[in-house]
Amino acid sequence: QVQLVESGGGLVQAGGSLRLSCAASGRTSVRFAMAWFRQAPGKEREIVAAISWSSGVTYYADSVKGRVTVSRDNAKNTVTLQMNSLTPEDTALYYCAAGGSITATPDRYDYWGQGTQVTVSS
């Protein structure tokens, strides 16, 4: 089992930045790919970014490219999502997920955190 705990969400004005963190515990010896998803009220869960175990491969949704950077520190079992130039459309509950490989499909991830709320005011 892997436990994931997100932090760093909050209320920010449009144009601002937030840094989300995900701390993993449990079976951290397994080489999981990690991803950030988000879900806004009334909408489906969508991928924001993902990163491979080695950090050699990253994926970004078109809606966040150029504004978001995903990184990981395997020694500390953490994954970070740096978000800049935030807009009200970025408002959502952000989830950290772990799985065998990078994919945009939520069902392919094995472990999920509880989420951290990001609210961007206009």
Side-chain angles (χ1 to χ4, degrees):
Q1 292 291 326
V2 174
Q3 293 77 43
L4 303 174
V5 178
E6 303 95 337
S7 62
L11 174 64
V12 63
Q13 289 187 334
S17 299
L18 278 177
R19 187 179 181 88
L20 306 184
S21 294
C22 174
S25 60
R27 290 181 61 202
T28 55
S29 61
V30 179
R31 298 188 172 189
F32 289 111
M34 300 294 294
W36 287 94
F37 284 78
R38 67 187 181 185
Q39 188 166 18
K43 295 187 177 181
E44 293 186 352
R45 192 169 297 190
E46 63 175 4
I47 192 166
V48 177
I51 186 168
S52 64
W53 167 261
S54 66
S55 300
V57 178
T58 55
Y59 171 88
Y60 296 96
D62 288 343
S63 59
V64 302
K65 279 181 181 176
R67 301 188 296 118
V68 166
T69 302
V70 62
S71 60
R72 68 189 296 167
D73 184 337
N74 292 334
K76 296 182 178 179
N77 297 319
T78 58
V79 179
T80 300
L81 188 71
Q82 176 68 43
M83 302 191 294
N84 302 319
S85 302
L86 288 164
T87 74
E89 288 69 37
D90 294 314
T91 295
L93 189 60
Y94 283 70
Y95 297 92
C96 176
S101 60
I102 291 178
T103 172
T105 306
D107 291 347
R108 300 294 295 274
Y109 287 85
D110 302 306
Y111 302 100
W112 291 84
Q114 294 298 308
T116 185
Q117 179 67 39
V118 171
T119 303
V120 184
S121 63
S122 58

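Scope of the values below: all heavy atoms of this structure, side chains included, with no hydrogens, waters or symmetry mates. These figures come from a predicted structure and were not determined experimentally.
A single hydrophobic cluster is seen to contain both L86 and V68, as judged by linkage of ILVMFWY side chains at heavy-atom distances under 4.5 Å, directly or through other members. The cluster map of Ile, Leu, Val, Met, Phe, Trp and Tyr, joined by side-chain heavy atoms under 4.5 Å apart, puts Y95 and I102 in the same cluster. The cluster map of Ile, Leu, Val, Met, Phe, Trp and Tyr, joined by side-chain heavy atoms under 4.5 Å apart, puts V48 and Y60 in the same cluster. One hydrophobic cluster, built from ILVMFWY side chains closer than 4.5 Å, holds both V79 and V30.
Remark: side-chain polar atoms of T87 are paired, donor with acceptor, to backbone N or O of E89 under 3.5 angstrom.
The OG atom of S122 sits 9.5 Å away from the CD atom of Q13 when rounded to the nearest 0.5 Å. Atom SG in C96 sits 11.5 Å away from atom CD in Q114 (nearest 0.5 Å). The line from OG of S101 to CZ of R31 is 15.5 Å long, rounded to the nearest 0.5 Å.
Applying the side-chain hydrogen bond (donor to acceptor under 3.5 Å, both in side chains) rule to pairs touching residues 66-76 yields R67-D90, R72-N74, sequence neighbours excluded. Judged as a ring-ring contact (aromatic ring centres under 6.0 Å, His included), the pairs with a partner in residues 14-54 (not counting sequence neighbours) are, in order, F32-Y111, F37-Y109, F37-W112. Here disulfide (SG to SG under 2.5 Å) pairs that include residues 25-61, with residues two or more places apart or in two chains, number zero.
Looking at every heavy atom in both residues, A14 comes nearest to P88 through CB-CD, 4.2 Å.
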